[in-house]
Every structure is written in C-alpha cells, then in structure tokens.
Amino acid sequence: MGVSLLGGIGLFLLGMTMLTDGLKLAAGRALERILAAWTRTRLHGLFTGVLLTALVQSSTAMTVAAIGFVNAGLLSFTSALWVVFGSNVGSSVTGWLVAWIGFKMKIDAFALPFIGIGMALKLTGEGTRRSGFGMALAGFGVLFLGIDLLKDGFEGLGPQALPPLESTLSGVALAGLLGIGLTILLQASAATFALVLTAVAGGMMPVEVGAGMVIGANIGTTLTGILAAIGATSNARRLAAAHVLFNVVTAVVAMALLSPLLALIHAVGVWLTGSGDVVTQLVIFHTLFNLLGVALMWPLSGPLVRFLLARFGSADEDAARPRYLDRNVAAVPVLALQALRREMARLGHLAMQLAGEAVRQNPLALPWAPPVPQADARLARQLETVEHLQKEIGRFVSEISRNPMHQDVAGQLPELLRIATHFDTLARVMHHVGVQGSHTPRASGGGSSVLSGLILPGMPDNPPADADAASADIVVCVVPVFTAAQSFFASADPEGPHKGQGGEWLVGEARTAFEEAYQTAKAGLLHAGAGGAVDVNVVYEWLSRLSDLRRAVEQGFKAIQRLAALPELSAQVDDRPVDSSSTGMASVE
C-alpha cells in the first residue's frame with residue numbers, strides 16, 4: 001500500500017510535468033502572442049489565465065510563466081496580475097477532471113490509449129510540435145494512472161492510518177498546515193489536491209478536513225512563484241507578492257466562512273448529483289475558494305497595485321527618480337540651477353549607457369557575437385528611465401521658472417531643456433538601433449569578396465574569404481562604424497572618465513573618427529549594392545541603421561557642446577558677470 005501511494009504520487013507528478021512541457025512545446029511562441037494580445041483589460045487577463053491554466057493543467061507553471069514574461073518585459077505588471085488570479089481559478093479544472101474521470105471511469109481503459117497514442121506521436125515527430133502534443137497526451141494518461149494507484153493505496157488504509165483530525169477549527173487549521181507542507185514537498189498543488197480527493201473518497205478524512213488541506217495547498221503553491229521571483233525584476237517580485245496576498249487573504253476569509261460554505265456546497269452537490277458525494281463537494285469548494293479570491297480582489301485591485309508599485313523598487317526605477325532635484329531648492333534659483341545641471345549630467349550618463357548597450361547588440365567584432373538574452377527588455381527599461389527623468393527635469397524647470405530670478409539664471413533654462421531633448425532623442429534612436437541589432441540574424445562565417453577592394457578603418461588585414469557570405473561582408477563593412485560609435489558614446493558621457501576641462505575636445509575627436517568610418521562604410525555598402533553581389537534591400541536596411549546611429553551621435557555631440565558652453569556654476573553662485581567664453585566641461589558638475 002505504501003508502494004502504491006508513493007508510485008501514485010510519482011506517476012501523477014510525472015504526468016503533470018509531461019503534460020505541461022508537452023503543451024508548451026506544441027504551442028511554440030503562441031503562448032507569448034496570446035498573453036500579449038489577450039490581456040488588454042483585467043477581465044481579458046482573468047479569462048486568459050483561466051483558459052491557459054485549464055489547457056496547461058498547472059497553475060504553478062502558469063504563474064511562473066507570467067513572472068517570466070513580466071521579467072522579460074513582455075507583460076505589464078497589471079496585466080500579469082489578472083493572469084495569475086485567473087490561473088488560480090483555472091486550476092479548478094484539474095479537480096473536475098479527477099472527479100469526473102478518475103472516480104467514475106475505468107482508468108486503465110481510459111489512460112492506456114492516451115499513453116500509447118501520445119508516445120507514438122512523440123517518437124514519430126521528434127523535433128516538431130507533434131512531438132510536444134504526443135508528450136502532452138502521454139502525460140495526460142500517466143497522470144490518471146497515478147490517480148488510480150493513489151485510489152488503490154488509500155482503499156487499503158483506514159482512518160486510523162492518519163493522525164486524528166477532527167472537523168473543528170483547530171483540526172481544520174492543522175489540516176491547512178499539512179496541506180501547505182505537502183504542496184511545498186511535492187511542488188504542485190494539483191498533486192496535493194488529488195491526494196486529498198482520494199483520501200476523502202476512501203473515508204480517510206471528513207470533508208471539512210479535506211477543505212482545510214485544500215486551503216493550505218493554495219497557500220503552499222505560492223512558494224514556487226516566490227522562488228521564481230528571486231533575483232528577478234521588481235515587477236516580477238510584485239507579482240509573486242500579489243499571488244501570496246491573493247491566496248492568504250482568500251484562505252483567511254474561507255476559513256472564517258467554512259461552515260456556511262460547506263453547507264451551501266452540500267446542498268448544491270445534492271441538487272447536481274442527487275447524493276452528497278464528498279468528492280464533488282470538495283471540487284465545488286475548491287472552485288468557490290478561487291472564485292471568492294477573484295471577488296475579493298476585484299474591488300481591491302486598484303489599492304493593491306498602488307501598494308505593490310510603491311515597494312520592491314529596482315535599480316532602474318531608482319535611477320529614474322531625480323537625485324538632485326528637490327522642492328526645497330526650487331525656491332532659490334541659483335541652487336535650483338546647480339541641482340538642475342547635476343541632474344542633467346545624470347540624464348546624459350543614463351542616455352550614454354543606453355547607447356552603449358544598444359551598440360553592443362550590433363557587430364563590434366568578427367565573428368559577430370550572438371544576441372544577449374532579454375536585451376530588448378533591458379533596453380526598454382533604460383529608455384523608460386531616461387524618458388521619466390527627462391519629464392521630471394521638465395517639471396522642475398516649470399516650477400523654478402515661476403520664481404523671480406537673475407537674468408543669467410533664467411537664460412540657461414531654455415538651453416537646459418534643449419540639452420535634455422538632445423539626450424532624450426539620442427536614447428530613443430539608440431533604443432531602435434539596439435532592438436534592430438538584437439533581432440538581426442547572425443551570419444555564419446565571414447567574407448571579403450564583395451568588398452575586397454575596400455579598405456576600412458579597423459577591418460582585419462586578412463578577413464576569411466567566402467564568396468557566398470554577402471551578409472558577412474556587410475558585417476565586415478559596418479564593424480568600424482559601430483566601434484567608432486562606441487568610443488564616441490564613452491567619451492561623451494558627462495559623468496564618465498573624460499569629463500572636465502578638455503573633455504569636449506576628446507568628444508570632437510571621437511565624433512570626427514565616427515564620421516570618417518561612417519562615410520567609408522556608406523560608400524562600401526552602396527558599391528556592394530550597385531554591383532549586385534548583395535541584396536539591395538539588405539543594403540538599404542543597414543544604411544538606415546547607420547543613418548540612425550549617425551543621428552544619435554550628432555544629438556550627443558550637440559548636447560555635450562551645449563553643456564560645455566554653459567557658464568561656470570561658481571560664477572552664478574557669486575552673481576558675478578558671466579564670461580560668455582567659458583566652455584569648460586566642469587560646468588556639468
């Protein structure tokens with residue numbers, strides 16, 4: 001009997017794993033597209049969570065997937081929140097399948113064909129979606145074989161085999177703790193639920209105790225989401241916290257209303273089945289438990305989102321908050337200008353960081369490195385940080401402009417706004433360049449036949465020859481441009497090593513080097529396209545990207561020139577006449 005119980009749990013977990021992995025393999029990237037398209041409102045997100053969890057048969061897997069999508073920037077926090085709430089409701093489908101199939105049908109006759117057909121599909125379609133669908137079918141059959149073994153194991157035991165748990169508040173609370181422990185041990189609330197259903201059906205425990213274990217299993221399932229959120233983005237940690245709050249709040253309310261809920265469920269069960277079937281009662285209780293959670297969270301979602309957004313701050317979000325701008329200095333124009341200049345340097349630093357990250361998604365050396373995982377999400381977060389900080393600078397300028405100020409201070413405000421616009425434009429353009437680079441297919445090998453007569457700065461003396469590698473030829477051509485851009489953005493960082501007197505001279509040198517590399521590469525690309533050896537559309541795409549890169553460099557150069565041309569802060573503090581010839585980069589500080 002002990003072997004039957006252990007084997008039943010093992011087969012159930014194996015079946016769940018095969019079913020989940022198989023469906024994810026069969027779906028391909030459809031899950032990502034569904035989550036992006038079907039989560040526009042909280043009602044859409046709720047139904048999407050219900051449907052996908054009913055399909056995948058694992059609310060834990062769905063929660064972890066939602067956290068992963070938030071972590072990658074594919075889902076917003078609010079959208080993912082309702083997907084997770086919906087996944088809790090969708091997990092009730094597992095209980096209904098177990099109740100309808102596992103206890104009312106001859107499982108061997110039902111499960112074995114699924115296993116046979118599923119494995120045949122898997123073996124004949126290796127590497128295709130058919131293989132994933134076959135694994136899912138086989139997992140579905142294995143799952144119910146595990147339930148059959150659990151039934152056999154519990155039928156051989158009596159109520160005396162478990163510690164006595166009475167249908168009192170303390171007994172139900174202890175059952176809840178047992179449910180938490182079992183779910184943490186098995187890492188699947190569905191497995192705990194199947195155990196409880198078979199135990200209640202075999203007379204091992206009363207339905208009240210079973211309900212307590214179901215409540216505990218719903219709390220225990222949050223551990224997997226918590227583990228998935230460790231080291232993730234702030235939104236992913238918020239989502240895990242929301243999952244915990246959903247289950248804990250619902251558990252407390254369900255415990256308080258347990259007796260009237262079970263009485264109502266018993267009446268509904270008698271009406272549905274004509275008898276007080278304890279398995280059906282428990283499945284109805286599980287469904288009502290999750291619906292109760294949704295009903296509780298619906299009016300509380302707004303405050304909950306605001307509460308969670310104020311917590312689990314990330315480095316990106318901290319960077320987006322102004323470091324020097326403060327209402328206390330806004331009333332003193334000279335101090336406000338000093339704070340504004342320092343915040344502008346931070347904005348430029350963040351924009352140059354984004355630009356450097358974007359350049360690294362493009363070819364900087366041969367062979368071209370593979371795309372960096374989650375590069376798009378990181379670039380999107382950096383752009384959001386720059387845009388938010390620029391808006392905060394704009395608000396601060398509007399606030400201090402309402403106060404009386406010296407003419408020289410007032411004259412700098414439009415110039416500072418213009419500099420902020422340059423940095424923002426640079427960040428937007430480089431975000432586009434970086435996303436393009438991360439999605440460009442990497443060429444295998446390299447070539448030089450198409451551009452063999454072209455001498456480019458930074459190009460290897462003897463690049464590998466391959467007459468068919470036209471795309472590799474183009475990469476050889478553009479590498480010096482991206483390398484020069486990387487040097488420019490490093491030298492143009494207002495908080496970088498080249499700040500201070502003379503920094504603007506280094507920026508000018510870097511900009512000149514970039515322009516030379518750009519013009520040489522442009523000539524080479526046009527020559528290759530005109531010669532017919534390279535697809536003209538590919539040439540146009542690279543020329544467009546290089547043009548965007550050039551625009552970003554120009555925006556950065558203008559911003560640094562304007563920063564360097566601002567008067568020294570010390571002259572403003574002392575209210576001395578401003579020396580218009582001052583061009584020191586120290587003014588950034």
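Remember, it's a predicted structure, so these values are computed and weren't measured experimentally.
- With sequence neighbours left out, the salt bridge (charged side-chain N to carboxylate O under 4.0 Å, His left out) criterion links Arg428 to Glu387, Asp424.
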>> side chain to side chain contact (heavy atoms under 4.5 Å, CB included) for Leu308 and Leu239? Distances and angles first, verdict last.
In response: CA-CA 9 Å; Leu308 292 173; Leu239 191 60; over 6 Å; no
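- Note that the OG atom of Ser79 and the NE2 atom of His44 stand 11.0 Å from one another [nearest 0.5 Å].
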> Checking side chain to side chain contact (heavy atoms under 4.5 Å, CB included) for the pair Val478/Leu525: CA distance, chi angles, key distance, verdict?
Replying inline: CA-CA 9 Å; Val478 300; Leu525 288 172; 4.2 Å; yes
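- For the pair Glu495/Arg342, no side-chain contact is recorded, criterion being any heavy-atom separation below 4.5 Å from C-beta on.
- When all heavy atoms of Asn362 and Trp368 are compared, the closest pair comes out as C-NE1, 3.4 Å.
- Geometric assessment of Arg511 against the ring of Phe488 yields a negative cation-pi assignment under the 6.0 Å and 45° thresholds.
- In terms of heavy-atom proximity, Gln390 sits nearest to Ala420 at NE2-O, 3.8 Å.
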>> Show, in sequence, the C-alpha distance, side-chain angles and deciding distance for Arg42 and Ser301, and conclude whether the side chain to side chain donor-acceptor pair (under 3.5 Å) test is met.
In response: CA-CA 10 Å; Arg42 58 180 178 177; Ser301 62; 2.7 Å; yes
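- Here the side chains of Trp542 and Val538 are in contact, with some heavy-atom distance below 4.5 Å.
- The distance from the CZ atom of Phe514 to the OG1 atom of Thr483 is 11.0 Å, given to the nearest 0.5 Å.
- Taken to the nearest 0.5 Å, the OG atom of Ser491 stands 10.0 Å off from the CZ atom of Phe557.
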>> For Gln486 and Phe482: C-alpha separation, side-chain torsions, deciding distance, then whether side chain to side chain contact (heavy atoms under 4.5 Å, CB included) applies.
In response: CA-CA 6 Å; Gln486 187 181 44; Phe482 287 102; over 6 Å; no
>> Could you go through Leu426 and Met352, starting from their C-alpha distance and side-chain angles, then the distance that decides it, and tell me whether this counts as side chain to side chain contact (heavy atoms under 4.5 Å, CB included)?
In response: CA-CA 8 Å; Leu426 181 149; Met352 297 305 170; 3.9 Å; yes
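- Proximity of a side-chain donor or acceptor of Ser401 to a complementary backbone N or O of Val397 within less than 3.5 Å is detected.
- Using a 4.5 Å cut-off on side-chain heavy atoms (C-beta onward), Gln412 and Arg341 make contact.
- The two residues Ala521 and Leu546 have their closest heavy-atom pair at CB-CD1, 4.3 Å.
- Of all heavy-atom pairs spanning Ala375 and Gln361, the tightest one is CB-OE1, 3.4 Å.
- Leu364 approaches Val479 most closely through the heavy-atom pair O-CG1, 3.6 Å.
- Taking every heavy atom of both residues into account, Val359 and Ala485 meet most closely at CG2-CB, 4.4 Å.
- The ring pair (Phe, Tyr, Trp, His ring centres under 6.0 Å) search around Phe85 returns Trp82, Phe246, not counting sequence neighbours.
- One distance of note links CZ of Arg381 with CG of Leu379; it measures 9.5 Å at 0.5 Å rounding.
- For Val50, the side chain to side chain contact (heavy atoms under 4.5 Å, CB included) partners are Val89, not counting sequence neighbours.
- Separating the CE atom in Met135 from the CG atom in Leu121 is a distance of 11.5 Å, to the nearest 0.5 Å.
- Between Ile400 and Leu340 there is a side-chain heavy-atom pair separated by less than 4.5 Å.
- Only one option out of Glu554, Met430, His432 pairs with Leu549 in a side-chain contact (heavy atoms from CB on, under 4.5 Å); it is Met430.
- In this structure, Glu515 places its CD atom where more than 12 heavy-atom neighbours from other residues, nucleotides or ligands lie under 6.0 Å away.
- Side-chain contact, Arg551 with Thr425: no donor N or O sits under 3.5 Å from an acceptor N or O.
- Note on residues 347-368: pairs passing salt bridge (charged side-chain N to carboxylate O under 4.0 Å, His left out), not counting sequence neighbours, are Glu357-Arg360, Glu357-Arg378.
- Separating the OG1 atom in Thr385 from the CG atom in Leu350 is a distance of 7.0 Å, to the nearest 0.5 Å.
- In this structure, Ile419 and Ile560 have side chains that are not in contact, with every pair of non-hydrogen atoms separated by 4.5 Å or more.
- Looking at residues two or more places apart in sequence or on another chain, you find a side chain to side chain contact (heavy atoms under 4.5 Å, CB included) between Glu392 and Pro322, His388, Arg395.
- Ser438 is linked by a side-chain hydrogen bond (donor to acceptor under 3.5 Å, both in side chains) to Asp376, counting only residues two or more places apart in sequence or in another chain.
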